[in-house]
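Each remark here refers to the structure printed beneath this line.
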Amino acid sequence: VNMKFEGWIEKLHADYTGKQVRKGEPLADVYSAELLATQQELLSTLRWSRANSGVRNGELGGMLNRDAEAIIEAARQRLRLWDVSDEQIKAIEETGKTVRAVTIHSPVDGTVVQKNAVQGMRVMPGEKLFDIADLSTVWITADVYEHELPLINPGETARVSLSSLPGREVTAKIEFVNPTLAGDTRTVKVRLTVPNAGGRLKPQMFTNVEIKAGLGKRLAVPDDAVLDTGVRQIVYVDK
């Protein structure tokens, strides 16, 4: 959630990290002189238009009314671009009173995972106030070694286990394989998406991901049957 105009936070509704918010729920009340001036422009033009609504005759009267409508609509559009809702604009027009502080609402359902806003602080256009994330579904990112990459394909199923949930496994499908390789670890990022009922999976948790890849039918022997001479590896077969 970013600011689109300069102002000051007068009241903070989402006042701590981790707060659950619903779409349309208030996050903060912000005072802005620029926004207040736009409201005053809208109301002044509306009052003039209503007072002169009877002036319809003649070319001049029609031109003035068209200009007034254009100014009114431009003021409404500026307020909309600053994330002022149509309901708030309608309330301003019906009451004929400006609103000192405009309420910033949450655009989505989710959890406040980062809060930069502080009550009383000055905020500038483009400044981030909140990070809100929907944690009902989370991504799991696994590191796959370079030599294992030919065995990994999107759509394959993986089993995920967490130390915080011993004895429990989550099944997920590979959705995305990163097109680039990490040069320092020689691994590729693989992304899986899993549902997060109850919020048990927390961002930044460590997981173990097991991906089963079919290698076909081939000869296999126990590890301890191989004798490594340093030059070659030997297996004795009992005939």
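Keep in mind that the numbers below use all heavy atoms, side chains included, and drop hydrogens, waters and symmetry copies.
- To the nearest 0.5 Å, the span separating CD on E210 from CZ on R159 amounts to 4.0 Å.
- Between R22 atom CZ and H105 atom NE2 the span is 15.0 Å, to the nearest 0.5 Å.
- L201 pairs with exactly one of T207, V138, V160 by the side chain to side chain contact (heavy atoms under 4.5 Å, CB included) rule, that one being V138.
- Between S32 and E6, the closest heavy-atom pair is OG-O, 2.8 Å.
- Closest approach of A14 to K19, counting heavy atoms only: CA-CD, 3.6 Å.
- To the nearest 0.5 Å, the span separating NZ on K173 from CG on L192 amounts to 11.5 Å.
- The hydrophobic cluster containing L81, built from Ile/Leu/Val/Met/Phe/Trp/Tyr side-chain heavy atoms closer than 4.5 Å, comprises no other residue.
- Hydrophobic clustering of Ile, Leu, Val, Met, Phe, Trp and Tyr side chains at less than 4.5 Å, counting indirect connections, unites V118 with I132.
- Heavy-atom minimum distance, G126 versus N2: O-OD1, 4.1 Å.
- Minimum heavy-atom separation, A158 to I211: CB-CG1, 3.7 Å.
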Item to check | Audit row: K97, I92, side-chain contact (heavy atoms from CB on, under 4.5 Å) steps and yes/no | outcome: CA-CA 6 Å; K97 297 179 180 179; I92 293 168; over 6 Å; no
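- We find the CG-CZ distance between D29 and R100 to be 11.0 Å, quoted to the nearest 0.5 Å.
- In this structure, D109 contributes its side chain and K23 its backbone to a donor-acceptor pair below 3.5 Å.
- Screening T193, N196, V194 for a side chain to side chain contact (heavy atoms under 4.5 Å, CB included) with T137, the sole residue that qualifies is T193.
- A heavy-atom distance below 4.5 Å is not found between the side chains of S106 and V1.
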Listing, residues 230-239 side-chain donor-acceptor contacts under 3.5 Å, not counting sequence neighbours, or none:
residue	atom	partner	partner atom	Å
Q233	NE2	D228	OD1	3.2

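- To the nearest 0.5 Å, atoms OG1 (T157) and NZ (K212) are separated by 11.0 Å.
- At a threshold of 4.5 Å between side-chain heavy atoms, the hydrophobic network of Ile, Leu, Val, Met, Phe, Trp and Tyr places V102 and L12 in one connected group.
- For the pair P26 and T103, the tightest heavy-atom approach, listed with the atom from each and the gap, is CB-CG2, 3.5 Å.
- Other members of the cluster containing M124 do not exist, because no ILVMFWY side chain is joined to it at under 4.5 Å.
- More than 12 heavy atoms of other residues, nucleotides or ligands lie within 6.0 Å of CZ in F176, so this atom counts as buried by the packing criterion.
- Between the side chain of Q39 and the backbone N or O of V99 there is at least one donor-acceptor pair closer than 3.5 Å.
- Hydrophobic clustering (side-chain heavy atoms under 4.5 Å, transitive across Ile, Leu, Val, Met, Phe, Trp, Tyr) keeps Y145 apart from V190.
- Side-chain contact between L149 and V177 is present, with at least one heavy-atom pair separated by less than 4.5 Å.
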Less than 3.5 Å apart, which donor and acceptor atoms pair up between the side chains of residues 70-80 and the rest of the protein, not counting sequence neighbours?
residue	atom	partner	partner atom	Å
E73	OE1	R76	NH1	3.4
E73	OE2	R80	NH1	3.2
R76	NE	E93	OE2	2.6
R76	NH2	E93	OE1	3.3
R76	NH2	E93	OE2	3.3
Q77	OE1	R80	NH1	3.2
R78	NH2	E41	OE1	2.6
R78	NH2	E41	OE2	3.4
R80	NE	D86	OD1	2.9

Item to check | L181/R186 under side-chain contact (heavy atoms from CB on, under 4.5 Å): CA gap, chis, key distance, verdict | outcome: CA-CA 6 Å; L181 188 79; R186 308 306 300 173; 3.2 Å; yes
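- V123 is listed as a side-chain neighbour of L129, based on a closest heavy-atom distance under 4.5 Å.
- Rounding to the nearest 0.5 Å places OG1 of T111 at 13.5 Å from CZ of F130.
- In this view, D131 and K128 satisfy the salt bridge (Lys or Arg N to Asp or Glu O under 4.0 Å) rule, not counting sequence neighbours.
- In the hydrophobic cluster analysis, where Ile, Leu, Val, Met, Phe, Trp and Tyr join through side-chain heavy atoms closer than 4.5 angstrom, L36 is grouped apart from V84.
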Next on the checklist: Apply side-chain contact (heavy atoms from CB on, under 4.5 Å) to residues L27 and V21 and explain how you reach the verdict.
Outcome noted: CA-CA 8 Å; L27 300 175; V21 294; 4.1 Å; yes
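- Cluster annotation: Y31 and F5 are assigned to distinct hydrophobic clusters (Ile/Leu/Val/Met/Phe/Trp/Tyr, side-chain heavy-atom contacts under 4.5 Å, transitive).
- For K11, there are no salt bridge (Lys or Arg N to Asp or Glu O under 4.0 Å) partners two or more places apart in sequence or in a different chain.
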